[in-house]
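Below is one structure, written out as structure tokens; the observations come after it.
Note on naming: letters A, B, ... go to the chains in the order of the sequence lines (proteins, then strands), and numbering restarts at 1 for each one.
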Amino acid sequence: MHPLLSKQLDLLNEPQKESVLHGKDPLLILAGAGSGKTRVITTRIAYLIGAEQIHPASILAVTFTNKAAAEMKERVEKMAPGSSRVMIKTFHSFGAWLLRLNAELMGLKPSFVIYDDKDAVELLRTIYPDQPRNELKVYASLISKAKDECLSPSDNLKEVSNDPRFPEYYAKYEEKLRRVGNADFGDLISLPVRLLKEHDEVRKRIRQRFRAILVDEYQDTNRAQDMLLEQLVGPENRLCVVGDDDQSIYRFRGARVENILSFEKRFPDTKVIRLEENYRSTGHILAAASAVVNNNQGRLGKTLWTQKGDGEKPRVLYFSDQREETAYVTDLLKDKRYEETAILYRTNAQSKSFEDCFRKNNIPYRLVGNLSFYEREEVKDCLAYLSLLLNNADEVAMRRIINKPTRGVGAGAISKIDPFLDDTDDVLEAIKLSLPHQRGKAKKSLEEFTAAYARPLWDDEKDSLAYYIRQFLDRFSLMEHYRGRDRAEGTTREDNIHELINSASEYRGTTEELVRFMEEQGLNPPSHDETEHVQGVTLITMHNTKGLEFERVIITGMEEGLFPRGGGDIYENEEDTEEERRLFYVAVTRAMKELYMTSCRFRPRYGRLEESWPSRFLNELPAEHISESAPYDDFGGSSSSKEQDPWNESQDVSYPEAGKLDIPQGGGKVLGGYSVGTRVYHDDYGNGVVFNVIQNGGHLVINVQFESGKTAVLMPEFCSHKLEKLAHDEWQ
DNA sequence: AGCCTCTTTATTTTT
DNA sequence: TAAAGAGGCT
């Protein structure tokens, strides 16, 4: 046996060893939470290299995040020298790699830069200058949604949006982007799909190149990514996907659990391996997690087990408000086990009360997530300067920087450039053509601007790219500009730019290297989390915890409407609830030894103090595996007693068939003015009909079937501002 | 170009 | 509530 392989296999227990070794392709590995997914993938890679004699460079491993890719690379590199030649990339950077090789074929500039969502909005603004930004934002996100499904403007876009104007917006956007020659994030997946579909030679070559393909976190793939896989994998290729359908929590951004659920059907002769041993959590925690996720219908099903003992029972705590919640957590932290503890919440806003309290009590904490380095204006500005250098057609970049620093080029001057943009795609050329019409300061500035771009940048290519970028930006006095703003605003913009430039010091001073640098900035910006290395309690959203583990986990805000989230006053369809339940499962399985769950009766929401019920998920926890404090007494008794559960009654309601608006016969009891058959209008959901009315825990609860097919459970007293009763024949 | 005020709108997040 | 966007005014 190859030494690499035996070394990796030693890390696995017997059943895993068996599975990984004898797994035939295609291989679907259903790996439960805490089962060591990444380790299994690296072992599989070692197996392919060692036992199957597949050349490392013929192996492609795909992940979702840069972090996951880096982690896997590190592990693979540890295995042996040759295995560092395995290509490990995110879906997007693999797509970019493929497109670089075939840029012209797909209508891209070889030096294309990657537009993010905000650039997409700005591109739309160049087409529709009079539309408010917010409206264009909606179209931009619809376009990106369409691309996630691999849909072109010519396809039927009804599934993405019913807006009759959307196809036109998308078509014009696409046309302009192709003319500019740049790519957006969606293109990085959907264009390679087209490339491989339409060009037999390319597809053949790529399939020969990558003999074996492995995908991590397969449950997070969207339609386009799955289509890319289908193109990459021919009869001769080996495919192995690893995922956990129970941890699919990114449906909202296009991930389709269906991909993993239907994998066996789509790839015949799939061998399925379940990795069900959990190496992370103690017994009660694992039992609680399993019991909750068992309530989901659409899942393949696994039975997690652990060799560890039962451990402590997870604790459920009820408080009256946030103040009590933070006080309790602060009290827990008296033991100073800061690094071992993570506080999890559903929405970022919930971190605030903890931050305030921790600052007051001198408890060190680190806030994970949010604020990306590249959302910083000044960095985007610098990249726009460079982008225009690479691509004279980049109108988005030009508009961003033409008057930054302010050089007297206002709306008037720009409107004089616009007509020339109809004649030429080269925006610098258009500016030059407009010069005879410009006057005063604007004219002088624009002359200087175009002259600065005309001067050659590279001389003898002796210096690093950082040197040349600095030289180039100096032509526009950018540093002085930001230094001035820093002094006025107390910001650190200049430092941020230096940081950006410094990261270019490992590149040589050539155009090709600049392209490489820009791609790196677009796809893999250095993380700029200032709190990353800070020691302290971890404050983190549940979504962000994927792949992490903590000795002690506190899941806060276990309240209906917050978690599972409803739109403030509305509880969404079953699919949404199942996704929230999976999120809860992810959160629970982060805990190694101790788990706390807290629920508040009152919590401020949109400025008002709102009352809510304990999360339904708390009721799904098996009583024998948890210990529970008394819930807020107004709800009467303990919340584990099912009769008192405010949700129990409404759960028995039989919902009408989805998509069908059955209008129930009126009549029956009338409560608070509502009865079965009452017609309503809701600001967000449109027309609907009440099909059930109950009085529950002192609140009126109605079930509504909307025309859209959506069903909802509403509490009229909490959403009177959005909900309206309609007369019998009055549909709006 | 920048300041001021009025209005709108409230997840989750990667690339 | 509060933060961001839009639009008007100087």
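Within 4.0 Å of A:D220, counting heavy atoms only, lies no atom of the nucleic acid at all. Residue-level contact check: A:F185 touches the bases, meaning some heavy atom is under 4.0 Å from a base atom.
Going from atom CE of A:M542 over to atom C1' of B:dT13 covers 15 Å, rounded to whole Å. Rounded to a whole Å, the NZ atom of A:K147 is 19 Å from the P atom of B:dT15. Atom CZ in A:F252 sits about 13 Å away from atom C1' in B:dT15, given to the nearest Å. Separating the CZ atom of A:R565 from the C1' atom of B:dT12 is a distance of 9 Å, rounded to the nearest angstrom. Spacing between atom CD1 of A:I114 and atom C1' of B:dT14 amounts to 13 Å, rounded to whole angstrom units. The interatomic distance linking A:N222 (CG) with B:dT13 (P) rounds to 18 Å, in whole Å. Atom OH of A:Y606 and atom C1' of B:dT11 are 8 Å apart (whole Å). Atom pair A:R256:CZ and B:dT14:P shows a separation of 22 Å (rounding to whole Å applied).
Ion pairing of A:D418 with A:R399 is present here, as a side-chain N (NZ or NE/NH1/NH2) and a carboxylate O approach within less than 4.0 Å.
Partners of A:F210 according to the ring-ring contact (aromatic ring centres under 6.0 Å, His included) rule, which considers only residues two or more places apart in sequence or in another chain, are A:F94, A:W97. Shown here are the side chain to side chain contact (heavy atoms under 4.5 Å, CB included) partners of A:S477, two or more places apart in sequence or in another chain: A:E480. Remark: A:F112 pairs with no residue by the ring-ring contact (aromatic ring centres under 6.0 Å, His included) rule, at least two apart or across chains. With sequence neighbours excluded, no residue forms a side-chain hydrogen bond (donor to acceptor under 3.5 Å, both in side chains) with A:R125. Remark: A:E579 pairs with A:R251, A:F252, A:R582 by the side chain to side chain contact (heavy atoms under 4.5 Å, CB included) rule, at least two apart or across chains. Take A:S141 and apply the side chain to side chain contact (heavy atoms under 4.5 Å, CB included) test, not counting sequence neighbours, and it matches no residue. By the side chain to side chain contact (heavy atoms under 4.5 Å, CB included) test, A:E324 pairs with A:F319, A:S320, A:D321, sequence neighbours left out.
Spacing of P atoms, C:dA3 relative to B:dT12, comes out at 15 Å, to the nearest Å.
Distances shorter than 4.0 Å separate some side-chain N or O of A:N66 from OP1 or OP2 on B:dT15. In terms of phosphate contacts, A:N544 brings a side-chain nitrogen or oxygen within less than 4.0 Å of OP1 or OP2 of B:dT14. Contact check, A:T541 against B:dT13: a side-chain N or O comes under 4.0 Å of OP1 or OP2.
Taking for each of A:E579 and A:G408 the nucleotide of DNA chain B with the nearest heavy atom, the 5'-most of the two is the partner of A:G408. Along DNA chain B, the nucleotide closest to A:N403 and the one closest to A:F91 are compared, and the more 5′ of them pairs with A:N403.
Closest to the A:R253 side chain, of the nucleotides B:dT13, B:dT11, B:dT15, is B:dT13. For A:N348, whose side chain is taken as the heavy atoms from C-beta onward, the closest listed nucleotide among B:dT11, B:dT15, B:dT13 is B:dT13.
Non-hydrogen atoms lying under 4.0 Å from DNA chain C are contributed by A:P132, A:R133, A:N134, A:K137, all within residues 126-139 of chain A.
Taking both residues in full, the closest heavy atoms of A:L124 and A:Y169 are given as CD2-O, 4.2 Å, listed atom of the first, atom of the second, then distance.
In this structure, the aromatic ring of A:Y250 is not positioned over the six-membered ring of the base of B:dT14 within 5.5 Å between centres and 30° between planes.
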Can you list the steps and then say if A:L446 with A:I402 is a side chain to side chain contact (heavy atoms under 4.5 Å, CB included)?
CA-CA 8 Å; A:L446 290 172; A:I402 191 66; 3.5 Å; yes
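Boundaries of the chain A contact region on DNA chain C are C:dT1 to C:dA6, first to last in 5' to 3' order (nucleotide atom under 4.0 Å from a heavy atom).
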